[in-house]
Structure formats: structure tokens, C-alpha cells
Amino acid sequence: MTLIVHHLENSRSQRILWMLEELGLPYDIKRYERDKDTMLAPPELKHIHPLGKSPILQDTDAAQTIVETGAIIDYLVELADGKLGPPAHRGDTLRYRQFLHYAEGSMMPPLLVLLVVNRIPLLGKTAAKRIHPMIDVHLDYVESELSSRPYFAGDELSGADIMMSFPLEAARSRAGLDGSRPATIAWLDKIHARPAYQAALAKGGPYAYA
């Protein structure tokens, strides 16, 4: 098996490195730096996939190139014979699927909008005041979920937790997630302490959200 992660600094692709470390699957990393002016991915990524964004996973043995973090996580769960995949209990399985998609489908969009408007002089501050209440709805929802169980899908770490890590790290960095939501902060501290998470950081290079 030959897996290659095309990894962009300070990006969603850090989650894939963590997932691979948790699964114990061997992989190689090709690192990319952001453009210093635009902070966008470099054009070299378009040589790997037309979208030119990270993460990209290449499975050279299977001649497969996969994009989108959730799809990559599904692919890796299959490679690992279901490890970190949907739990056996029906309710936990539904939560797993929900949070696997919720991370990018619902939670990340307002965080990205906040990042953009914060870079706009004057008008950006006004826009940010309108966005923060939207983000607070998500943070309150996550807090209520993590107050009732240790991980997003149930009692054990799963791919759903790995998907949710980046939006919550981003929220802690720039959207007001703090000790007023103790269950969420405890969850972040818990995942950051995992040996596989630390190993992924060591291999992936600088990561502003850890």
C-alpha cells in the first residue's frame, strides 16, 4: 500500500494526517506552503487534481486520487476494515454520519465568512457582528452534544471527531470558543493530548490551530 497525502500548511489536511496516525496506516507526505500574499494553495496542487486544493489523497496501488476530507476519511475507514468508522449502535451510527457531514456542510461556512470579513477594513467589523451570533448557535449545539457523551458519535473516538476537529480548532482561534463552553474545550484538550494527534503534528509541520 502506498498512500500519499498532499498536505497544505495550516489547513484541513492536518485531519487526514491525524486519521492515518490513529489507524496506523503507512503514508508519505508532500507538503505545500500557502502563497504569502493571497494565503491560497500554490498552483502545483492543480497538477495533482484540477481543483488544486488540499487535502488530496493518492492511493498509488489502487490508482485512486481522492479529494474532500469526508470522502478521504470514508476511504481510509474502508482500508482499515472499519476502524474509526460508524459504531455498531444505530443511534451512534446516525450521529457519526451527521457529524461527518455537519463539520463542513454547516459549521465551516460561517467560520470561513468570518475569516474573510475580518480582513475587510471598517465594514468587516460590522459584518462580523452579524456573523458571530450564527456561529454561537453552532457552538451552543456542539456544547450540548459533548456535554452528554465523551465523543461526537458515542463513547469512542471516530472519524466524526476527526472531521469536527478543524472547525472547532478554528472557532477557538478566531470565533470566541473559550472556557464558557467547558465540554467542548475539554474535548479539544483530550484530542490534542492523543499520541496520534501529536505524531501527526510532528510530521505535518507548522499548524496554527493546535
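Just so you know, these numbers use all the heavy atoms, side chains as well, and skip hydrogens, waters and symmetry mates. Along the sequence shown, the residues carry numbers beginning at 1.
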For a quick check under 3.5 Å, do [X] and [Y] share a side-chain donor-acceptor pair by atom type?
X: S13; Y: H7; result: yes
X: H6; Y: E44; result: no
X: E22; Y: W18; result: yes

For the pair [X] (side chain) and [Y] (backbone), establish whether a donor and an acceptor sit closer than 3.5 Å, ignoring hydrogens and angles.
X: K83; Y: G24; value: no
X: E143; Y: A183; value: yes
X: D35; Y: L40; value: no
X: E21; Y: A200; value: no

Check ion pair [X]-[Y] (N to O, under 4.0 angstrom):
X: R181; Y: D136; result: yes
X: E145; Y: R95; result: no
X: R172; Y: D189; result: yes

Report yes or no: do [X] and [Y] belong to one cluster of Ile/Leu/Val/Met/Phe/Trp/Tyr joined by side chain heavy-atom distances under 4.5 Å?
X: M164; Y: L17; result: yes
X: V67; Y: L3; result: no
X: I48; Y: I66; result: no

